[in-house]
Amino acid sequence: MDFYDAAETWSRDRIAATQLTRLRSLVEHSRKCAFYRERLDAAGVTPESIRTLDDVRRIPFTTKDDLRSQYPDGLLCVPRRDIVRMHCSSGTTGTPVAICHTQNDVNTWADLMARCLYMVGVRPDDVFQNMSGYGLFTGGLGIHFGAERLGCMTIPAGPGNSRRQIKLVKDFRTTVAHILPSYALILAEHMREMGENPADLPLRIAVVGAEPYTEAFRRRIEDLFAMKAYNSYGLSEMNGPGVAFECPEQHGLHIWEDAFLAEIIDPATGEPVPDGEVGELVMTNLCREGMPILRYRTRDLTRFLPGECACGRRHRRMDRILGRADDMFIIKGVNVYPMQIEKVIMGFPEVGQNYLILLENDGLGDVMRVQVEVRDEYFVEDMRILHNLQNTIARRLRDEILVTPRVELVQSSSLPCNEGGKAVRVQDLRATK
Ligand code: ADP
Ligand code: ZN
């Protein structure tokens, strides 16, 4: 195995032993803030009482509301002067939370990120273009310092502005891009409208994450640009990107277990789910000095993949994120995740690069409308062909989610897109009626 740092080659035993030592130190260290000291005391948790990794379950969970209640610096465990950087979450589901890092924290983070990039074949000769928002969002500086650490020429392009994005790729012969999945398809569409083929760009690898997307969506990105796309998972509370990443096998994301302790729980009971079953990911940051976070409930849904990865790394893998617990909506009594819909529609070659789910109430009951862009070459005048497509999509959706939506076919580039950030896939207009 060609690796960036030795921890990638550790055996399960070595990983587990390191996790236990680090968990004990973390319990000790996190007592430096009143919030965790009180919580841990109330639960009777001391470093000595952590005897096995299962003892992590005696530590109370930390929720996003806890982090909000401690904003801005209630969770600091080092003197303020030791902090060198702060970031915030994007605020996708409400008030953002702030995380503060020491110099060691940002160094560890950059190394974890460099490890991810190296794993999928990024090398110092590569030119790395970061098409993510900079500023408080961790996908900017977090990825940037990882690519620099690896020795890549790193272009802080920022999000959107497709024309300039493409010019930079061409002028500097960019070989690796960090890009949001939704934006990748919009960029491809933009090029097509300019009469250009995205596959002609020098890009060979894309790092794609920060929002949920399906396997069908990934294949599309890979096909359009003729490059490999690797799934990158992270969250601000656990630094940001560099928490879990796909290896060249593209079968699950390795969680860097030397730095993070991952659990998957039943969100209703808080108990671990049987291996291989879907539940809520809970994460503990084992190495952070500035603001340790214990057993953070991510609200992201995934499962551990059983078995060992063919790449040789023994860090456990998780499946791609199914969605956030908060993304689920209920229509006619049925629970639906946007990714179930994406999985179906992105399987149709006629379907273009964007879609939108609208939930409404027409006075008689809830209605779900799925607006789907159709590629120009299929947007023909023969209404029968379009009707057929519409009906087939509606039928397949009904098979998947057990509710029949109204499918509306629209022209490419006609749906709203959020070039600067994470895609909004669902508009729930029911509450306003
Ligand atoms: P926010 O939760 O406000 O969006 P962050 O910017 O910290 O704040 O984003 C972290 C969240 O983004 C994760 O909890 C997860 O829901 C989502 N996310 C990040 N990477 C991925 C990925 N590869 N696949 C699916 N969702 C992801
Ligand atoms: Zn692997």
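In each ligand, atom 1 is the first atom listed, and ligand 1 is the first ligand listed. Numbers for residues simply follow the sequence, beginning at 1.
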- Query: Between E8 and R313, is there a donor-acceptor pair closer than 3.5 Å when you use the side chain of the first and the backbone of the second?
  - Reply: no
- Query: With no hydrogens and no angle check, is any side-chain donor or acceptor of E419 less than 3.5 Å from a backbone partner on N161?
  - Reply: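 Flag set: sc E419 to bb N161 pair under 3.5 Å.
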- Message: Tell me whether the NZ or CZ atom of R317 lies within the 45° cone about the ring axis of F304 and under 6.0 Å from its centre.
- Response: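 R317 over F304 ring: no.
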- Of the listed options (C88, A210, P212), which comes nearest to atom 21 (C) of ligand 1 when hydrogens are ignored and any heavy atom counts?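 Looking at heavy atoms only, A210 sits closest to atom 21 (C) of ligand 1.
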- Item | Winner among G234, S236, G421, G91 once heavy atoms are compared against atom 3 (O) of ligand 1 |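 Going through G234, S236, G421, G91 one by one, G91 has the nearest heavy atom to atom 3 (O) of ligand 1.
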- Task: Show your reasoning for whether side chain to side chain contact (heavy atoms under 4.5 Å, CB included) applies to M283 and E237.
- Result: CA-CA 9 Å; M283 288 286 224; E237 294 82 354; over 6 Å; no
Any chance [atom1] of [X] has more than 12 other-residue heavy atoms, nucleotides or ligands included, within less than 6.0 Å?
X    : atom1 : value
R68  : CZ    : yes
R396 : CZ    : no
K422 : NZ    : yes

Using a 4.0 Å heavy-atom cut-off, say whether [X] meets ligand 1 through its side chain, its backbone, both or neither.
X    : answer
D300 : side chain
K64  : side chain
P241 : neither

- Task: Look at the rings of H101 and W109 and say which category their plane angle falls in: under 30° parallel, 30 to 60° tilted, over 60° perpendicular.
- Result: parallel
Should you measure from each heavy atom of [X], which atoms of ligand 1 turn up under 4.0 Å away?
X    : answer
L235 : 7 (O), 10 (C), 14 (O)
F137 : 6 (O)
S232 : 20 (N), 21 (C), 22 (C), 23 (N)
G209 : 23 (N)
N231 : 22 (C), 23 (N)

With only distance considered, is [X] within less than 3.5 Å of ligand 1 through an N or O on each side?
X    : answer
T138 : no
S90  : yes
R324 : yes

Specify the protein heavy atom at minimum distance from [atom]: its residue, its atom name, and the distance to 0.1 Å.
atom                    : value
atom 12 (O) of ligand 1 : K422 NZ, 3.1 Å
atom 4 (O) of ligand 1  : T92 OG1, 2.5 Å
atom 24 (N) of ligand 1 : E211 O, 3.4 Å

- Message: Looking at every non-hydrogen atom in both residues, tell me the closest pair between R31 and R37 and how far apart they are.
- Response: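 Looking at all heavy atoms of both residues, the shortest contact is O-NH1, 2.8 Å.
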- Quick check: does H254 have an N/O/S atom under 2.8 Å of the Zn ion (ligand 2)? yes
- Item | Interatomic spacing from CG in N418 to OG in S182 - rounded to 0.5 Å | 7.5 Å
- Task: Output the distance between atom CZ (R218) and atom CE (M346), rounded to the nearest 0.5 Å.
- Result: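 It comes to 15.0 Å.
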- Rounded to 10°, how big is the angle at the Zn ion (ligand 2) from C309 SG to C311 SG?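 It rounds to 110°.
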- Please assess Q250 against Y230 for the test side chain to side chain contact (heavy atoms under 4.5 Å, CB included), listing each intermediate value before the final yes or no. CA-CA 7 Å; Q250 292 188 313; Y230 296 99; 3.7 Å; yes
- Message: Please confirm whether M238 approaches ligand 1 to less than 4.0 Å, judged on its heavy atoms.
- Response: no
